[in-house]
Trainee: 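Input: one structure, supplied below.
In what follows, every chain begins at residue 1, and chains take the letters A, B, ... in the order their sequences are listed.
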Amino acid sequence: MRTAAETQERVRAGLSRRYRAERRFRAYGMAAIAVGIAFVLFLFGTVFAQGLSALRQAYVQIDVFYDPEIIDPAGNRDPDDLVVADYQSLVRASLRERFPTVEGRPALRELYGIASSAASVELQRRVTADPGLIGQRERLWVLADDTVDMFLKGKVSRSAPEEERRLSDTQLGQIDALKSQNALKLRFNSAFFSNGDSRDPEQAGVRGAVVGSFLTLLITLLLSFPIGVGAAVYLEEFAPRNRITDLIEVNINNLAAVPSIVFGLLGLAMFISFFGLPRSAPLVGGLVLTLLTLPTIIIASRAALKAVPPSIREAALGIGASRWQTVVHHVLPLAMPGVLTGAIIGMARALGESAPLLMIGMVAFIVEVPAGVLDPSTVLPVQVFLWSDLPERGFVERTSGAIIVLLLFLIVMNAAAVVLRSKFEKRW
Amino acid sequence: MSQSIRARIFATVAASAAIVAALSPVAPAQSARDFINVVGSSTVYPFTTTVAEKFGRQGRFKTPKVESTGTGGGIKLFCNGVGPQHADVVNASRRMNASEFDTCRKNGVRDILEVRVGYDGLTLSESKRGPVMNLTRKQVYLALAKQVPDPANPTTLIANPYTSWNQIDKSLPATKIEVLGPPPTSGTRDSFNELYMEAGCRTYPWLNTLRGQDEKRFKRLCHTLREDGAFVEAGENDNLIVQKIEANRNAVGIFGFSFLEENMDKLRGSKIDGVEPTYETIASGKFPASRPLFIYVKKAHIGVIPGLQEFVNEYVSDKALGEEGYLSDRGLVAQPKSDLARTRADVKSLKNFAP
């Protein structure tokens with residue numbers, strides 16, 4: 001038997017050691033968080049440092065004369081003629097007007113290289129929208145070529161020897177002249193948000209990928225949310241506990257850990273080869289991502305249903321509600337915040353997924369913005385993947401720009417999760 | 001009250017989604033397609049997409065869809081059969097081989113048009129700030145093979161002993177051997193093995209004779225790269241290799257000519273067998289490591305898929321493939337005039353491909 005004093009002595013002796021242990025443990029935790037934050041900051045820092053310049057784009061101002069001789073030599077304003085006319089030569093003529101001293105084919109080629117080939121498309125669009133422009137003069141801003149863009153953003157050094165730059169000394173002189181006339185400057189890059197993919201960095205935009213991601217996720221949500229919640233409700237509230245349901249549960253947990261590329265292969269074999277659905281379509285992408293997110297949603301929904309206190313069920317049953325009424329009127333609404341969180345986490349994972357979509361052909365060059373779930377399309381992460389592998393330097397910043405858009409998309413989704421949860425949250 | 005409404009909404013959503021789920025698999029198989037479907041090599045992808053975009057902008061047909069699947073995967077998709085659910089064109093960074101052609105024929109894809117679109121120079125490049133490299137393919141082989149012939153007794157192989165370039169040859173700089181290149185899954189790696197490693201290997205007579213006798217062993221000896229850090233697999237992404245070389249002035253990178261051309265202010269192409277990689281040396285065939293690029297067109301789809309013939313015509317037009325065409329701006333090395341004329345004649349007569 002120890003006396004009280006002895007016990008106290010022993011406790012006191014160990015006390016400082018225990019305090020130290022606790023302080024150490026807290027320090028470990030703080031270090032872990034600090035390392036995590038450092039990595040996130042580094043990632044965001046590099047992405048934003050490289051990608052923010054994608055929000056601005058060099059535009060050049062041209063005085064264009066809509067020459068009726070070139071656009072519509074027949075003079076009958078036939079819409080088909082207006083579409084195929086040589087608008088490139090109008091852009092070239094206006095550049096020649098600005099630099100009348102430039103002569104000779106190689107020198108002219110360099111001069112023409114200042115404006116993007118998108119300029120002629122812009123003119124075509126304007127003329128077909130309003131044929132009244134023909135014969136008029138107009139001053140407008142058109143996209144500059146990506147090499148000019150890179151130069152204005154300081155990504156091509158002026159001090160490098162001429163043969164190692166993509167811009168010659170004469171071109172630099174022309175760029176300086178345009179700048180001093182205020183006819184060449186960086187403006188907000190609206191093309192980045194309104195265009196689909198393009199092989200010219202200055203014309204490439206994320207709209208096609210954003211719409212593709214949206215359509216794919218819509219299909220995923222429409223399928224995986226009801227199926228997932230239905231499966232969870234049945235398994236949690238109605239199913240008997242026996243070998244079969246145990247087996248199902250184990251399988252669902254296993255499926256959640258299957259590498260996503262496997263779902264891609266499954267989708268390729270099932271939906272494309274067997275059912276004959278088109279390759280590269282958001283419908284197939286959505287179906288594959290449904291397979292991927294279902295286990296996540298089922299597991300999260302079951303956990304949320306389990307967390308509803310049994311007293312709620314007993315009370316409902318006690319006043320004569322059927323089991324179906326109990327679940328639909330009371331248990332499910334109370335479990336909704338958890339269910340929604342699970343669904344949105346699943347959706348966020350689906351949004352960032354690219355591997356299974358490679359298998360079903362969504363890694364493709366698609367210029368047109370998809371209009372429906374059967375049109376060929378790509379998604380944001382795949383667009384990032386595609387751009388990162390192109391040689392043109394303008395695509396480096398656009399890759400990071402697309403990552404920023406993807407991050408914003410994710411932040412909006414997660415914010416929606418927080419809002420929904422706080423709206424439905426019940427405390428007791 | 002509000003809960004029961006919510007429940008009813010939920011039930012409706014669930015029911016409608018179930019209907020979507022039930023209906024979607026029986027949606028009709030693609031009966032017709034109004035756009036061209038291209039699959040295949042990621043090396044040819046930047047060029048075919050350029051043509052596809054220009055072609056689409058003309059407004060007569062929809063912009064073709066170009067998938068980047070790799071040459072092997074693309075040919076598999078292409079050879080799967082005839083019909084709108086199968087690809088019309090495949091990009092290839094090498095020629096279609098006999099066994100692939102057999103698979104094609106077995107699946108009913110009998111008539112194929114081969115179009116040679118140009119060349120790609122496979123370069124070794126170094127940072128502008130680093131030492132100048134003047135390599136031979138034999139030196140590249142000695143620097144990178146896992147096993148190399150013993151200098152004392154060239155008919156036996158030893159584990160690669162070289163750690164710096166000047167150990168291989170006095171004329172080379174005294175820097176550590178560090179080469180960044182693509183992983184084995186890449187078509188570029190296949191080309192590297194063929195154009196550099198095999199060529200270097202075959203400078204040893206006994207290895208050259210082995211090639212005829214035991215091809216498997218020859219490939220194993222010549223294609224196996226070092227795993228001790230001198231060769232670094234830098235991933236499929238060529239831009240990443242460019243960035244790494246920029247950061248490390250002693251490293252050498254392996255990638256296609258278009259990446260070198262785009263980054264001339266930071267990189268310098270190493271001379272190979274005394275020849276610098278430039279547009280001219282690759283086009284004329286002087287640069288020893290250049291490979292032809294192809295597209296293959298399914299003839300049964302011409303006239304069925306709208307615009308296919310016109311797309312191929314656009315691809316071989318002067319605007320695209322000529323010496324000043326828009327593809328040369330993208331770094332594709334055009335073929336000499338006489339070859340281009342032959343390619344055009346083949347396209348015109350829709351000549352049948354046979355490996």
Trainee: Under 3.5 Å, is there a donor-acceptor pair between the Thr281(B) and Glu276(B) side chains?
Mentor: no

Trainee: I'd like to know which of Lys266(B), Met264(B), Glu67(B), Glu261(B) tops the heavy-atom pair count under 4.5 Å against chain A.
Mentor: Glu67(B)

Trainee: Less than 4.5 Å to any heavy atom of chain B: does that hold for the side chain of Gln325(A), its backbone, both, or neither?
Mentor: neither

Trainee: So which part of Leu221(A) gets closer than 4.5 Å to some heavy atom of chain B, the side chain, the backbone, both or neither?
Mentor: neither

Trainee: What residue in Thr399(A), Leu390(A), Thr147(A), Ile366(A) has the most heavy-atom pairs under 4.5 Å with chain B?
Mentor: Leu390(A)

Trainee: Where does the angle between the aromatic ring planes of Phe55(B) and Phe311(B) fall among parallel (under 30°), tilted (30 to 60°) and perpendicular (over 60°)?
Mentor: perpendicular

Trainee: Run the side-chain contact (heavy atoms from CB on, under 4.5 Å) test against Ser354(A) and tell me which residues pass, sequence neighbours left out.
Mentor: Pro381(A), Val382(A)

Trainee: Check whether any side-chain heavy atom of Phe255(B) lies under 4.5 Å from a side-chain heavy atom of Leu267(B), and answer yes or no.
Mentor: yes

Trainee: With a 4.5 Å cut-off on heavy-atom pairs, point out which of Gln243(B), Lys128(B), Lys54(B) contacts chain A the most.
Mentor: Lys128(B)

Trainee: Under a 4.5 Å cutoff for heavy-atom pairs, which residue among Ser117(A), Ser157(A), Ser120(A), Ser280(A) has the most contacts with chain B?
Mentor: Ser280(A)

Trainee: Just give me the residue among Lys65(B), Arg57(B), Lys62(B) that pairs up with chain A most often, heavy atom to heavy atom, under 4.5 Å.
Mentor: Lys65(B)

Trainee: Distance-only, no hydrogens or angles: does the Arg33(B) side chain make a donor-acceptor pair with backbone N or O of His86(B) under 3.5 Å?
Mentor: yes

Trainee: Could you please spell out the steps behind the side-chain hydrogen bond (donor to acceptor under 3.5 Å, both in side chains) verdict for Gln383(A) and Thr378(A)?
Mentor: CA-CA 7 Å; Gln383(A) 190 70 74; Thr378(A) 180; 4.9 Å; no

Trainee: Which bit of Asn263(B) is near chain A, if near means a heavy-atom gap under 4.5 Å: side chain, backbone, both or neither?
Mentor: both

Trainee: Do Tyr315(B) and Phe47(B) have side-chain heavy atoms sitting under 4.5 Å apart?
Mentor: yes

Trainee: Quick test of your reading of the model: are Arg393(A) and Asp265(B) salt-bridged, counting only N-O distances below 4.0 Å?
Mentor: yes

Trainee: Given that the side chain runs from C-beta out, which part of Leu77(B) has a heavy atom under 4.5 Å from chain A: side chain, backbone, both or neither?
Mentor: side chain

Trainee: Report which part of Glu392(A) has an atom under 4.5 Å of a heavy atom belonging to chain B: side chain, backbone, both, or neither.
Mentor: both

Trainee: Between chain A and each of Gly256(B), Ser258(B), Pro46(B), count heavy-atom pairs under 4.5 Å; write down the option with the most.
Mentor: Pro46(B)

Trainee: Between Val121(A) and chain B, which part of the residue has a heavy atom less than 4.5 Å away: side chain, backbone, both or neither?
Mentor: side chain

